[in-house]
2 protein chains.
Amino acid sequence: MLSVDSDRRRRPTLDTVAAAVGVSRATVSNAYNRPDQLSSSLRERILETARSLGYAGPDPVARSLATRSSAAVGFMLPQGLSGAFSDPALSIVLDGLASTVDGHDHSLVLMPGDATGGPRPSIVTRTQADVMVAYSLPDSAPAFEAVAARGLPLVVIDQPVLPNSARVEVQDYLGASLAASLLLGLGHSSFGILTFSLHPDGVSGPVSFERRSAAPFRVSRDRLGGYLDTLEKGGVKPDNVPVWEARGSDRELGRLGARWLLTRTPRPSALLCASDQLAFGCLRAARDLGLTVPRDISVVGFDDVPEAAYSDPPLTTVRQPLADKGRRAGELALKLLAGGRPPRPTRLDVSLVERASTAPRT
Amino acid sequence: MLSVDSDRRRRPTLDTVAAAVGVSRATVSNAYNRPDQLSSSLRERILETARSLGYAGPDPVARSLATRSSAAVGFMLPQGLSGAFSDPALSIVLDGLASTVDGHDHSLVLMPGDATGGPRPSIVTRTQADVMVAYSLPDSAPAFEAVAARGLPLVVIDQPVLPNSARVEVQDYLGASLAASLLLGLGHSSFGILTFSLHPDGVSGPVSFERRSAAPFRVSRDRLGGYLDTLEKGGVKPDNVPVWEARGSDRELGRLGARWLLTRTPRPSALLCASDQLAFGCLRAARDLGLTVPRDISVVGFDDVPEAAYSDPPLTTVRQPLADKGRRAGELALKLLAGGRPPRPTRLDVSLVERASTAPRT
DNA sequence: CAGCATGACTGAAGCGCTTCAGCCATGCCA
DNA sequence: TGGCATGGCTGAAGCGCTTCAGTCATGCTG
């Protein structure tokens with residue numbers, strides 16, 4: 001049976017319908033796109049005929065070519081899908097973005113990253129999208145050149161800072177400072193820090209000074225910097241603060257890192273984490289070691305994902321407006337699409353949410 | 001400065017490059033797509049000129065129109081993005097799929113669902129993709145009609161059973177039976193069941209018989225059926241088994257449901273869950289209530305996500321090969337794209353993984 | 001009743017690319 | 001030396017649609 005193949009080949013087009021109804025192709029097009037351009041009776045007749053012919057509406061690709069707009073936004077991720085989505089923060093941001101662009105009949109094309117910290121240039125070149133959104137890509141991602149070469153508008157979430165792109169980000173450094181200050185205020189003086197990737201190389205482990213200062217991931221760099229600088233101002237030497245880098249932001253990796261941090265000598269009495277997921281891992285690691293949070297160890301996270309309110313104990317963390325971040329990025333994308341120039345960066349507020357995972361040093 | 005707009009308008013095309021080099025458009029096209037059709041020196045010259053002209057390669061949309069292939073696979077989800085991705089199982093499946101199609105230079109278009117349990121038909125109609133993948137959509141999803149109307153090949157993951165589509169699914173019923181048998185074998189006789197959505201209406205709560213039997217989500221139906229039928233064979237009347245439906249598969253919703261289940265009279269000594277996420281919620285709920293797993297309560301999950309091995313206690317669960325599921329779906333999509341007929345459904349094996357969240361009834 | 005705005009529809013020019021049937025040298029073999 | 005395969009390139013026909021400048025009745029105004 002070859003009928004399937006030939007069915008697919010010989011699908012009806014606008015012309016088929018036009019001929020069947022006895023009108024011009026333009027009229028059929030108008031029936032779909034500009035109902036006000038023809039009498040509603042004729043429109044009805046056209047739609048009816050189309051249906052009976054098995055015509056499902058204007059072909060999206062042809063329409064895109066004619067309108068020079070593919071009605072899609074490309075979303076560039078720093079890593080593969082499963083890694084990326086192990087952090088619920090991304091899901092929330094993406095959901096905010098999707099609902100915004102979806103309301104404007106745009107679809108979302110996912111572009112997974114690889115070891116370069118972003119999608120391969122060839123992917124970027126071939127993806128049908130008329131605006132790109134970068135989510136927390138390293139400064140060095142080759143994907144950006146490809147975007148520029150295509151002349152596509154770009155909105156950047158979190159990082160990097162790029163000329164001629166719209167940007168939305170949060171006050172990571174400030175948020176981290178707030179968290180560190182809180183802990184200092186509670187009398188802590190011995191700390192450990194748990195961060196997610198500083199480099200896109202997929203390495204987990206203790207962080208050297210060089211590795212830290214050369215980090216291409218701004219978010220990690222800022223949060224880490226916020227923690228360390230503030231501690232230093234509080235009299236804690238950065239050299240005495242062990243830092244563990246997890247190669248992703250999920251709780252198992254957090255648990256692993258926390259286990260290392262909590263077995264340093266002297267043992268930290270407070271752990272600062274770059275994300276809630278990592279913090280959840282700390283809670284687990286503490287329990288594994290027979291330590292009680294917050295009595296023995298204080299833990300703070302970053303993000304304030306919904307679950308932070310329900311962990312055991314509820315997590316003290318830095319709140320960032322994740323859904324807003326996505327929505328705002330969506331609006332910016334739409335705006336650039338409409339020909340707008342990139343406005344000044346949107347900087348979203350962070351705030352400290354004190355729950356039960358922090359306590360005065362005993 | 002209008003230059004941005006006109007820049008975007010006046011981008012170089014194949015013709016621009018052809019004219020600059022002094023060859024025909026076909027030759028430039030060949031330079032990109034069929035290197036063997038021209039001398040490598042000419043090809044070099046063309047590529048070089050293109051670069052200097054700021055030509056980023058053939059326009060993806062135009063190319064798609066000419067080749068009648070959009071090189072994209074559409075992924076239809078039963079719900080919005082954040083809801084969908086709160087279950088890590090989806091991320092893993094999607095990752096498997098993405099890496100498969102990505103290797104063949106296809107991209108992935110996400111189509112979020114709404115309260116109908118799938119993407120709106122208008123989205124389906126307008127999305128540029130030449131094969132659709134449905135992930136656990138209800139039988140009733142209107143999205144399917146739209147797919148059929150466009151004549152697009154379809155691969156269905158998990159459900160529903162649709163004529164003329166490729167399908168990959170797991171032995172949900174069998175898996176559930178295994179889990180229930182294990183618990184029966186351990187001497188349990190008082191059970192509670194925690195399932196995710198039976199209907200796409202976003203309702204959480206105790207499940208009536210009607211609601212259960214009319215459930216449009218096959219996976220929930222099968223797992224629930226596997227549990228209940230097996231229990232019944234083991235002498236436990238289904239009427240005596242409380243069932244809670246969570247409107248999604250995340251641990252907070254699981255915790256909520258488990259709290260309800262664990263406060264029934266008599267209190268169940270074993271909880272059967274439709275997913276690991278829900279099971280994690282049970283572990284939490286048990287702890288909240290001062291109960292110890294598995295001494296007071298046995299808990300089993302479904303999926304065997306990576307974290308199941310590291311929960312406290314490690315989770316007894318039904319393993320399904322998630323990454324394989326995604327990969328297989330990707331291969332099927334590619335095969336249909338190549339003109340193949342839908343093969344017989346792929347049915348992946350499940351197996352019981354016994355860890356430490358189950359114990360004999362005390 | 002001339003003049004004109006209005007509504008309903010059409011013709012044709014693209015959008016940027018792929019592909020395939022040639023065409024033309026060139027080199028090789030017998 | 002004639003015949004033929006081969007490599008390298010081109011011309012032109014689409015792919016299916018949007019859009020815009022018209023054309024042509026029709027009805028309304030003065």
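Numbered from 1 within each chain, the chains take letters A, B, ... in sequence-line order. No experiment lies behind these values; they were computed from the predicted model shown.
The phosphate of D:dG16 (OP1 or OP2) has no side-chain N or O of A:Thr13 nearer than 4.0 angstrom. Taking 4.0 angstrom as the limit, A:Arg68 places none of its side-chain polar atoms (N or O) nearer than this to OP1 or OP2 of C:dC15. Within the 4.0 Å cut-off from OP1 or OP2 of D:dT18, at least one side-chain nitrogen or oxygen of A:Asn33 is found. For the pair B:Thr67 and D:dC15, the criterion of a side-chain N or O lying under 4.0 Å from OP1 or OP2 is not met.
Remark: C1' of C:dT19 and CG of B:Leu14 are 13 Å apart, rounded to the nearest angstrom. Whole-Å rounding puts the A:Leu65 CG to D:dG16 P distance at 12 Å. What separates CG of B:Leu38 from C1' of D:dC9 is a distance of 8 Å, to the nearest Å. Rounded to an integer number of Å, the gap from A:Gln37 CD to C:dC9 C1' is 9 Å. With rounding to whole Å, A:Arg34 atom CZ is found 15 Å from C:dT10 atom P. In this entry the distance linking OH of B:Tyr55 with C1' of C:dG16 reads 8 Å, nearest Å. Regarding B:Asn30, its CG atom lies at a distance of 9 Å from the P atom of C:dT19, rounded to whole Å.
Using a 4.0 Å heavy-atom criterion, one finds that A:Tyr32 contacts no nucleic acid atom at all. Here A:Val23 lies in heavy-atom contact (under 4.0 Å) with sugar-phosphate atoms only. Within the 4.0 angstrom heavy-atom criterion, base atoms lie near B:Thr27.
Annotation: of the two residues near DNA chain C, B:Ser29 and A:Ala62, the 5′-most nearest-nucleotide partner is A:Ala62. Nearer the 5' end of DNA chain C, as judged by each residue's closest nucleotide, is the contact made by A:Gly22, out of B:Pro58 and A:Gly22.
The side-chain heavy atoms of B:Pro342 and B:Leu154, taken from C-beta on, include no pair separated by under 4.5 Å.
With respect to the salt-bridge test (charged N to carboxylate O, under 4.0 angstrom), the residues A:Glu331 and A:Arg328 qualify.
In this structure, B:Phe85 and A:Phe85 have parallel ring planes: the angle between them is below the 30° cut-off, well short of the 60° mark.
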Could you go through B:Glu48 and B:Arg51, starting from their C-alpha distance and side-chain angles, then the distance that decides it, and tell me whether this counts as salt bridge (Lys or Arg N to Asp or Glu O under 4.0 Å)? CA-CA 5 Å; B:Glu48 178 51 44; B:Arg51 211 170 297 133; 3.0 Å; yes
